[in-house]
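As the structure is a computational prediction, the values presented were derived from the model and not from experiment. Convention: sequence-line order gives letters A, B, ...; per-chain numbering from 1.
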Amino acid sequence: MEVKELHAPGHRACPGCGCAIAVKIILRETGPNTIIVSPTGCLETFTSPIRSSSWEVPWIHSLFENAPAIATGVLAGLNSQGNPNGTKVVAIGGDGGTYDIGMGSLSGMFERKDDILYICYDNEAYMNTGIQGSSATPLGAGTTTTPVTGDSFGKMVEKKDMVAIALAHGVPYVATASIANLADLKKKVRKGMDNPGPAFILMLTPCNVGWGYEPEETVELARKAVETGLFPIVEFENGNMVSALKIRPVPVEEYLKPQKRYQHLFKNDKFEDVLKAIRKKAEDNIKKFGLA
Amino acid sequence: MMDLLLGGVCKAGESKKLETGKWRSFRPVVDRNKCIKCGKCADYCPDSCMEIKEDGAEVNLYYCKGCLICIRECPVKAITKEVEEK
Ligand SMILES: Cc1ncc(C[n+]2csc(CCOP(=O)(O)OP(=O)(O)O)c2C)c(N)n1
Ligand code: SF4
Ligand code: SF4
Ligand SMILES: [Mg+2]
């Protein structure tokens with residue numbers, strides 16, 4: 001049962017990194033006949049300090065904003081040589097690289113219908129540069145640019161809906177996945193790779209440094225995000241929902257309370273409306289996708 | 001250290017030279033009598049350093065950063081933590 005992982009140890013991710021778990025599992029499914037593209041971010045930084053790499057598959061990084069365009073170029077290069085081994089191209093990028101700065105490039109990749117699987121590991125902020133808020137940072141979460149002080153309660157607006165954005169582009173395979181459900185994650189990576197044309201997978205990957213919790217709780221928090229309804233596990237083929245993971249909903253507090261980025265919501269009654277809005281978000285997801 | 005090639009190309013898996021085990025303050029210890037070889041610890045280990053051998057899970061202490069996720073996720077509580085003495 002010994003597995004030789006295609007994501008090697010000795011990488012420099014913080015202890016308990018959710019993204020590192022995700023990448024190891026993704027590579028188990030892609031196998032070695034894959035070229036990975038990453039934008040700038042923690043994943044790029046901890047896997048590739050100068051003169052080193054923890055990738056056991058070909059991997060390329062160029063800039064923060066252009067991973068999907070680089071992936072398109074890699075695929076075009078393979079195709080121009082007839083791609084005799086049927087090598088697949090997979091991009092793996094953070095939320096900043098996906099929801100914000102790489103959005104235009106990703107939109108182009110979707111529009112061109114390039115046969116690329118794009119996976120976003122969402123840790124809900126720009127972690128590599130010190131926890132700045134991104135458009136994936138959820139309502140009420142404190143970051144260095146969505147501060148908690150006085151009447152400020154962290155992020156003032158909801159996170160962007162990346163699944164809806166991918167679906168609006170007519171992406172034929174769109175799914176969410178969790179590092180607390182690895183069989184499902186692997187199944188979706190396989191489907192995303194086999195699907196002709198673009199595919200998009202969104203994964204929530206907790207970050208103990210940015211969210212403020214003990215490293216050992218990473219998988220447990222990923223699980224709670226799903227069980228509360230805050231991170232629904234859903235799957236769409238050609239625009240139609242083909243699966244949604246059923247849950248027995250637990251209170252959102254079980255997910256929020258262990259995290260420092262939400263502590264203020266429990267210390268001060270004046271933030272009750274924010275908590276209410278988070279509870280409503282979970283309820284809305286449960287209704288929208290028929291989770292319970 | 002290898003020389004940097006044009007385009008910043010380097011060898012695959014070169015990271016394996018780095019002893020990230022030095023970062024650890026707690027050490028996971030597997031009780032092989034309790035281990036049912038389910039592989040969950042190896043699945044969830046962010047540092048690809050838990051292996052399932054014939055007689056149970058084995059930590060590669062050269063790389064283990066001591067995050068203790070394996071302890072948390074082991075379904076039969078076969079892993080415990082010890083303070084790392086350096
Ligand atoms: C054009 C450009 N702007 C800013 C940066 C600085 N920068 C490097 S990584 C990073 C954060 C990446 O955030 P995200 O994509 O969410 O990945 P994470 O680090 O959270 O894994 C930033 C802002 C950069 N490298 N290039
Ligand atoms: S999770 Fe526990 S029982 Fe399963 S292989 Fe690891 S140590 Fe053994
Ligand atoms: S403590 Fe963390 S790094 Fe060490 S074996 Fe367990 S899961 Fe892996
Ligand atoms: Mg991020």
Exercise for review: Determine, step by step, whether A:L27 and A:I36 satisfy the side-chain contact (heavy atoms from CB on, under 4.5 Å) criterion, reporting the C-alpha distance in whole Å, the side-chain angles of both residues, the deciding distance to 0.1 Å, and the verdict.
Suggested key: CA-CA 9 Å; A:L27 292 189; A:I36 309 282; 3.7 Å; yes
Point to revise | Part of B:T20 lying under 4.5 Å from any heavy atom of chain A | key: side chain
Check your understanding: What residue in A:P15, A:P9, A:G16 has the most heavy-atom pairs under 4.5 Å with chain B?
Key -> A:P9
**Study point:** chain B contacts, top residue of A:E217, A:E56, A:E214, A:E220 (heavy-atom pairs, under 4.5 Å)
**Key:** A:E56
Exercise for review: Check each atom of B:C45 against the heavy atoms of chain A and say whether the ones under 4.5 Å are side chain, backbone, both or neither.
Suggested key: both
Exercise for review: Select, from A:A20, A:P58, A:C19, the one with the greatest count of heavy-atom pairs under 4.5 Å involving chain B.
Suggested key: A:A20
Point to revise | A:S53 (side chain) donor-acceptor with A:S48 (main chain) under 3.5 angstrom | key: no
Exercise for review: State whether the side chain of A:Q263 and the backbone N or O of A:Q259 hold a donor-acceptor pair below 3.5 Å, judged by distance alone.
Suggested key: yes
Study note, to complete from the structure: Greatest number of non-hydrogen atom pairs under 4.5 angstrom with chain B, of A:C17, A:A13, A:C14, falls to A:A13
Review point. Taking 4.0 angstrom as the limit, do B:E84 and B:R27 come out as a salt bridge?
Key: yes
Review point. Is A:D114 reaching over with its side chain to a backbone N or O of A:I116, donor-acceptor style, under 3.5 angstrom?
Key: no
Practice item. Specify whether A:Y255 and A:W211 have parallel, tilted or perpendicular ring planes, treating 30° as the upper limit for parallel and 60° as the lower limit for perpendicular. Key: perpendicular
Review point. Non-hydrogen atoms of chain A under 4.5 Å away: do they reach the side chain of B:Y44, the backbone, both or neither?
Key: both
Review point. Considering only heavy atoms, which portion of A:I60 lies under 4.5 Å from any heavy atom of chain B: side chain, backbone, both, or neither?
Key: neither
